[in-house]
Amino acid sequence: MADDTAFQIVLGRQIFSGLAIVTAGSLEMGIFGIRAASSPAASGNRIADANVVAVTTALTGTTGTDGNITLGVQDGVLYVENRVGSSQNISLTVMGA
């Protein structure tokens, strides 16, 4: 995934609750509880990695903080944004209820 880009995954329903696990390269990683709905929610990172965060908005590629991998949730969609400064291999696992 190129730097300053984002992609989205439509989760298949307007209200999606579950768990998202993301890794980028060998150093950045995160585990988040998510709720992708019109009233979205995202937990703090369950791994102590300050450069991987989750927000409750859509992401476009330059929305999140520079230097971070950011997950976004909104209206049944999960967004992943790379702003770490270089291309990254992203691995994403989503488990839902």
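Counting begins at 1 with the first residue of the sequence. For clarity, every value in this text was computed on a predicted model and none was experimentally measured.
Atom OH in Tyr79 sits 11.5 Å away from atom CD1 in Ile9 (nearest 0.5 Å). A distance of 8.5 Å separates CG in Asn82 from CD in Glu28, rounded to the nearest 0.5 Å. To the nearest 0.5 Å, atom CG of residue Asp4 and atom CD of residue Glu81 are 7.5 Å apart. To the nearest 0.5 Å, atoms CD1 (Ile47) and CD1 (Ile21) are separated by 8.0 Å. Note that CG of Leu71 and CZ of Phe32 are 5.5 Å apart. Values are rounded to the nearest 0.5 Å. Taken to the nearest 0.5 Å, the CG atom of Asn89 stands 8.5 Å off from the OG atom of Ser87.
Under a 4.5 Å side-chain heavy-atom criterion applied to ILVMFWY residues, the cluster that includes Leu27 comprises that residue alone.
Using a 4.5 Å heavy-atom threshold, the side chains of Phe16 and Val73 count as separate. Using a 4.5 Å heavy-atom cutoff, the side chains of Ser86 and Asp3 are not in contact. In this structure the side chain of Val77 never reaches within 4.5 angstrom of the side chain of Leu11, judged on heavy atoms.
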Let me have the donor-acceptor pairs involving side chains of residues 34-42, under 3.5 Å, with sequence neighbours excluded, atom names and distances please.
{"unit_1": "Arg35", "atom_1": "NE", "unit_2": "Ser39", "atom_2": "O", "d": "3.2"}
{"unit_1": "Arg35", "atom_1": "NH2", "unit_2": "Ser39", "atom_2": "OG", "d": "3.4"}

Indicate every side-chain donor-acceptor pair of residues 48-59 with a distance under 3.5 Å to a residue at least two apart or in another chain.
{"unit_1": "Asp49", "atom_1": "OD1", "unit_2": "Asn51", "atom_2": "N", "d": "3.0"}
{"unit_1": "Asp49", "atom_1": "OD2", "unit_2": "Met29", "atom_2": "N", "d": "3.0"}

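Applying the side chain to side chain contact (heavy atoms under 4.5 Å, CB included) rule to Gln14 yields the partners Asp75; only residues at least two apart in sequence or on another chain are considered. In this structure Thr65 satisfies the side chain to side chain contact (heavy atoms under 4.5 Å, CB included) test together with Asn68, sequence neighbours excluded.
Checked against Val22 for a side chain to side chain contact (heavy atoms under 4.5 Å, CB included), the options Ile31, Thr70, Ile90 give a single hit: Ile90.
Within the structure, salt bridge (Lys or Arg N to Asp or Glu O under 4.0 Å) contacts touching residues 54-70 (residues at least two apart or in different chains) are Asp66-Arg83.
There is no path of hydrophobic side-chain contacts, each under 4.5 Å, that joins Met1 to Val10.
The minimum heavy-atom distance between Ala6 and Gly61, with the atom names listed, is CB-N, 3.5 Å.
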